[in-house]
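This report concerns only the one structure given below.
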2 protein chains.
Amino acid sequence: MADILHRIGIKSSSMDDVYQALTTIDGLAGWWTSNTQGKGNQVNDIIQFRFGAGGFDMKVVDLNSPSLVVWELAEGPEEWMGTTISFELKQENEYVILLFKHLNWKEPVEFMHHCSTKWAIFLMSLKSLIETGKGTPDPFDVKIDNWN
Amino acid sequence: MADILHRIGIKSSSMDDVYQALTTIDGLAGWWTSNTQGKGNQVNDIIQFRFGAGGFDMKVVDLNSPSLVVWELAEGPEEWMGTTISFELKQENEYVILLFKHLNWKEPVEFMHHCSTKWAIFLMSLKSLIETGKGTPDPFDVKIDNWN
């Protein structure tokens, strides 16, 4: 098994603002992909994330407001099957610290390398959304390679 | 054991340009940290990377021009001891693809989450250096959290 891990610090005194950006459709559409539909604020909700080349359906499997959000892939690319994504939040002085984990990849394939870098880019978009009011969700995201 | 993996694509027809940015002091100082000293173009060379808060001495342990660079940590923070860093390059149409691995972390500690995100930022700086002539090495690097 292989995992993608990240840590960002968002200059904010409100863990709830970050939690809202992870559990509401407007929030998620503001940093990950503009084409986000469904519902994400209760366990068992399904969120549909769509990108130019495809997308992911995520099932919300754990929530602990305002400090934890956990999704499991419901539908998506084969490499993501069986993986879990979690966002853990905590306040450290003037920062909301976000620990991100995309766990349980079967193999450290080349697509996993790509997704690791791309998650960093999208988490920086989340940081920007909270700090400045404006993120860079798909299709406005920073491109990292020939896959996107 | 835990690993950090990344993938970037640099718009360039020259793998050698990227290889030079990974094996020369001027190149490395252009994207990772401005304060880089030593030598990095032969096996057993030691490169000293210094940042505001400390630094790393890397020993070059494998080179295969222009497609592979491997370092081992010679001296640095305890969490990095025993870890290996590799850069694999290949040409795919108009992109030089870089697969990055920072392997063999003993534990997936919070500092590893930080380093994972920070490596993405620095690899994007390398991409910018080659594509535009200008990277953002420390101390001009994009800050991601309350640790840097």
Side-chain angles (χ1 to χ4, degrees), chain A residues 1-13 18 79 85-105 107-128 130-132 136 141-148, chain B residues 1-13 18 79 85-105 107-128 130-132 136 141-148:
Chain A
M1 291 293 184
D3 304 325
I4 294 169
L5 308 175
H6 287 296
R7 181 185 198 271
I8 58 166
I10 299 165
K11 270 197 187 169
S12 170
S13 58
V18 182
E79 297 93 333
I85 290 169
S86 73
F87 305 85
E88 300 167 48
L89 305 176
K90 59 183 173 177
Q91 190 77 44
E92 283 187 9
N93 300 315
E94 73 265 46
Y95 286 87
V96 175
I97 301 298
L98 188 164
L99 294 181
F100 170 89
K101 303 178 207 287
H102 186 173
L103 301 172
N104 299 330
W105 289 69
E107 299 288 339
V109 291
E110 192 166 337
F111 184 52
M112 182 182 162
H113 295 64
H114 167 88
C115 292
S116 175
T117 312
K118 201 74 203 188
W119 272 125
I121 296 292
F122 282 120
L123 292 169
M124 292 302 285
S125 166
L126 169 60
K127 176 175 162 71
S128 172
I130 302 291
E131 292 181 354
T132 73
T136 51
D141 53 319
V142 176
K143 308 306 179 192
I144 62 165
D145 61 21
N146 55 339
W147 291 347
N148 188 29
Chain B
M1 292 291 184
D3 304 325
I4 295 169
L5 307 175
H6 287 296
R7 182 186 197 271
I8 59 166
I10 300 166
K11 271 197 187 167
S12 168
S13 58
V18 182
E79 297 93 333
I85 290 170
S86 73
F87 305 85
E88 299 166 49
L89 305 177
K90 59 182 173 179
Q91 189 77 44
E92 283 187 7
N93 299 316
E94 72 266 45
Y95 285 87
V96 176
I97 300 299
L98 189 163
L99 294 181
F100 170 89
K101 303 179 205 287
H102 187 172
L103 302 171
N104 299 330
W105 288 69
E107 299 288 340
V109 291
E110 192 166 339
F111 184 51
M112 182 182 163
H113 295 62
H114 167 88
C115 292
S116 175
T117 313
K118 202 73 202 189
W119 272 125
I121 296 293
F122 282 120
L123 292 168
M124 292 301 285
S125 165
L126 168 60
K127 176 175 162 71
S128 172
I130 302 292
E131 292 180 354
T132 73
T136 51
D141 53 317
V142 176
K143 308 305 179 190
I144 62 166
D145 61 19
N146 55 339
W147 291 346
N148 187 31

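In this text, all values refer to a predicted model and were calculated from it rather than measured experimentally. Here is how names work: the chains are called A, B, and so on, in the same order as the sequence lines, proteins then strands, and each is numbered from 1.
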Below 4.5 Å, heavy-atom pairs only: which of M112(B), H113(B), M124(B) has the largest tally toward chain A?
H113(B)
Any ion pair linking E131(A) and K143(B) (charged N to carboxylate O, less than 4.0 Å)?
no
Does the distance from a Lys or Arg side-chain N to an Asp or Glu carboxylate O, for K90(B) and E92(B), drop under 4.0 Å?
yes
Which bit of L98(B) comes within less than 4.5 Å of chain A, counting heavy atoms only: side chain, backbone, both or neither?
neither
Quick one: what part of E110(B) sits under 4.5 Å from any heavy atom of chain A, side chain, backbone, both or neither?
both
So does A2(B) get a backbone contact from the side chain of E107(B), meaning a donor-acceptor N/O pair under 3.5 Å?
no
Go through I10(A), I144(A), V142(A) and name the one with the most non-hydrogen pairs under 4.5 angstrom from chain B.
I144(A)
Could you tell me whether the side chain of Y95(B) reaches within less than 4.5 Å of the side chain of W147(A), counting heavy atoms only?
no
For K11(A), is it the side chain, the backbone, both, or neither that has a heavy atom closer than 4.5 Å to a heavy atom of chain B?
neither
When rounded to the nearest 0.5 angstrom, what distance separates CG in N146(A) from CD1 in I8(B)?
11.5 Å
Among D3(A), I97(A), I4(A), N93(A), which has the most heavy-atom pairs under 4.5 Å with chain B?
I97(A)
Closest non-hydrogen atom pair between T117(A) and R7(B), with its separation
OG1-N, 3.0 Å
Cut-off 4.5 Å, heavy atoms of chain A, and the answer for V96(B) is neither
From the options H6(B), H102(B), H114(B), select the one residue that forms a side-chain hydrogen bond (donor to acceptor under 3.5 Å, both in side chains) with W119(B).
H102(B)
With a 4.5 angstrom heavy-atom cut-off, which part of L123(B) approaches chain A: side chain, backbone, both or neither?
neither
What part of F100(A) gets within 4.5 angstrom of chain B, counting heavy atoms only: side chain, backbone, both, or neither?
backbone
